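Below: the structure, in C-alpha cells.
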Amino acid sequence: MIRDMAREFAETALKPGVIERDNKQHFPAELVSQMGELGFMGMQVDPNYGGGGMDTLSYVIAVEELSRWDASASVIVSVNNSLVCWGLNEFGTHEQKEKYLKPLALGEKVGAFCLSEPEAGSDATQQRTTAVDMGDHYLVNGTKNWITNGGRADTYLVMAHTDREKKHKGINCLIVEKDMEGFEVGPKEDKLGIRGSDTHSLNFNDVKVPKENRVGDDGFGFKFAMKTLNGGRIGIAAQALGIAAGAFDLALEYSKIRKAFGTEIFNHQAIQFKLADMKMELEAARALVYRAAWEKDQGMDYAASAAMAKLHASKTAMFCADQAIQIHGGNGYVKEYHVERFLRDAKITEIYEGTSEIQRMTIARSLR
Ligand SMILES: Cc1cc2nc3c(=O)[nH]c(=O)nc-3n(C[C@H](O)[C@H](O)[C@H](O)COP(=O)(O)OP(=O)(O)OC[C@H]3O[C@@H](n4cnc5c(N)ncnc54)[C@H](O)[C@@H]3O)c2cc1C
C-alpha cells in the first residue's frame, strides 16, 4: 500500500515539474506540504507525536519510490525522517517532542541536521562550533556547511563542542530555531545534482539556546549524530536504489521503442546485456537495503549492513544512470529524457552521510 501510494504520488505530483525544478534549483515547498499530508515526513515517529508509527522497511520503500522520479524531493523526506525526526523520537524529552517533533512529523515544519563544517567533514570529531555552558543556556558560535534544507528549515539539530578537553565526548546536540537571534543562513549552493534540494552554510553568532533544547545528556551529541547517521544511511541507500530503479525503467522502456538496424534496440544482445547487468545490480542493492532496514527493525547491530547497503546502492545508482544514458544514445544526453539528471543526482549518494570510503571503513571495522 505504501509503495503504491508513494509511486502514484511520484508519478502524478513529482514527475510533472521535476525538470524545471532541477533547472531553476527550485525547492518544492508545496510538494513538501503534500508529502506531509500523506504522512511521508514523519513515517517512523510515534503516532502520539503526529507520526505514522511505521517500521524502517516501510520508510525505505517510500523513499525508493519517491526517488524514482525526484531525488531532490526524496532527500528532503530522508533528512526530515531519518536525521531529524528519528533522533528526536528516540532521545528527545516529552516537551521537545510536543514542541518540535510533532510539527516536523506532520510536515508543518521542516528539519535540518547540522554536523558538517568547513574543517569537519568525514572526520566529524573536528567540530569547531562551540556551545559554551552559561548556566540556563548555551551560547553557540561557529559555522556549519552543506546543510540540506538549510534555508527552508524551521528546526535545526546542531552539533557543537561544549568541552574540547573531552574531545568527541564534549559535543552536544542542540535544537536551534530559525528565528533565534544570531542565527544566519548563508548563500545557497549551486549544485551538480539534487538541485531542487536546498543546501546552505549556516552561521551562529552568539545564539542563545535554552538548556532544555539539549538532546540527551551532556556530552551525548557525537553519539547522537553517529547513531542517527547509521539509520540515515539506510535512507540514502533507498534514495540511490530509487534512482537506479528509475534509470532502469526508462532505459528498458526506451529500448523497446527505439529502432536501429531494422529492429528495436532491445533485440541487440549488447543492449540486452546492459539491461541484464543493471537488473542484477539493482536487485542486489534492493536486497541489501531491505536487509539493513529489517535488521534495524529487529534491534540488531545494523551499522555494517547500512554501510554495505549505501555503498552498493550508490554504486548501482551511478552504474544504472550511466548505462541508461548510453541506451538512450543522444537523447540520453539532454534533459527531456530524465536520465542525465539521474546521473547527476546519483553522484551525491556516494558523498553525503558518509562517503564511499567512510562506508568501506565501517564495513572493515566490523571484520576486526
Ligand atoms: C549536497 C550536500 C548535502 C549535504 N547535506 C548535509 C547535511 O544536511 N548535514 C550535514 O551535516 N552534512 C551534509 N553534507 C556534508 C557531507 O556529509 C560531507 O560533504 C561528507 O561527509 C564529506 O565530507 P567533506 O566534504 O568534508 O569531505 P572530506 O572529509 O574532506 O573528504 C574528501 C575526500 O577524502 C576522503 N577521505 C577522508 N578521510 C578518509 C580516510 N580516513 N580514508 C580514506 N579516504 C578518506 C573522502 O572519502 C573524500 O573522498 C552534505 C554535502 C553535500 C555535498
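One-based numbering along the sequence shown. Small disclaimer: the values here were computed from a predicted structure and weren't measured.
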Please write out which residues are connected to Tyr156 in a hydrophobic cluster, directly or through intermediates, given that two of Ile, Leu, Val, Met, Phe, Trp, Tyr count as joined at side-chain heavy-atom separations below 4.5 angstrom.
-> Tyr138, Val140, Ile147, Val158, Leu174, Val176, Met180, Phe183, Val185, Leu202, Phe204, Val207, Val209

Assign the ring pair Phe342 / Trp69 to parallel, tilted or perpendicular, where the plane angle (0 to 90°) is split at 30° and 60°.
-> tilted

Is Arg7 paired with Glu65 through a side-chain N to carboxylate O contact shorter than 4.0 Å?
-> yes

To the nearest 0.5 Å, tell me how far Leu115 CG sits from Leu229 CG.
-> 6.0 Å

Picking from Arg344, Arg341, His338, what satisfies side chain to side chain donor-acceptor pair (under 3.5 Å) with Asp22?
-> Arg344

Gap between atom CD1 of Ile351 and atom CD1 of Ile358 - 0.5 Å precision = 12.5 Å

Looking only at side chains, do Glu281 and His312 share a donor and an acceptor under 3.5 Å apart?
-> yes

Is a salt bridge present between Asp133 and Lys211, judged by a nitrogen-to-oxygen distance below 4.0 Å?
-> yes

Partner set under side chain to side chain donor-acceptor pair (under 3.5 Å) for Asp277, not counting sequence neighbours | none

Electrostatic pair Arg195:Asp190 at N-O distance under 4.0 angstrom | yes

To the nearest 0.5 angstrom, please state how far the CG atom of Asp218 sits from the CD1 atom of Ile171.
-> 12.0 Å

Is a salt bridge present between Glu177 and Lys99, judged by a nitrogen-to-oxygen distance below 4.0 Å?
-> yes

Give a yes-or-no answer on whether the side chains of Thr56 and Asp297 include a donor-acceptor pair shorter than 3.5 Å.
-> yes

Is the shortest side-chain N to carboxylate O distance from Glu64 to Arg3 below 4.0 Å?
-> yes

Got Glu212 and Thr93 here, is their nearest side-chain heavy-atom distance under 4.5 Å?
-> no

Sub-4.5 Å side-chain heavy-atom contact between His328 and Tyr333 = no

Are the charged groups of Glu98 and Lys102 less than 4.0 angstrom apart, N to O?
-> yes

Can I get a per-line list of side-chain donor-acceptor pairs under 3.5 Å for residues 24-32, giving both atom names and the distance, sequence neighbours left out?
from	atom 1	to	atom 2	distance (Å)
Lys24	NZ	Glu20	OE2	2.8
Gln25	OE1	Lys191	N	3.3
Gln25	NE2	Glu189	O	3.3

Less than 4.0 Å between a side-chain N and a carboxylate O, is that true for Asp70 and Arg21?
-> yes

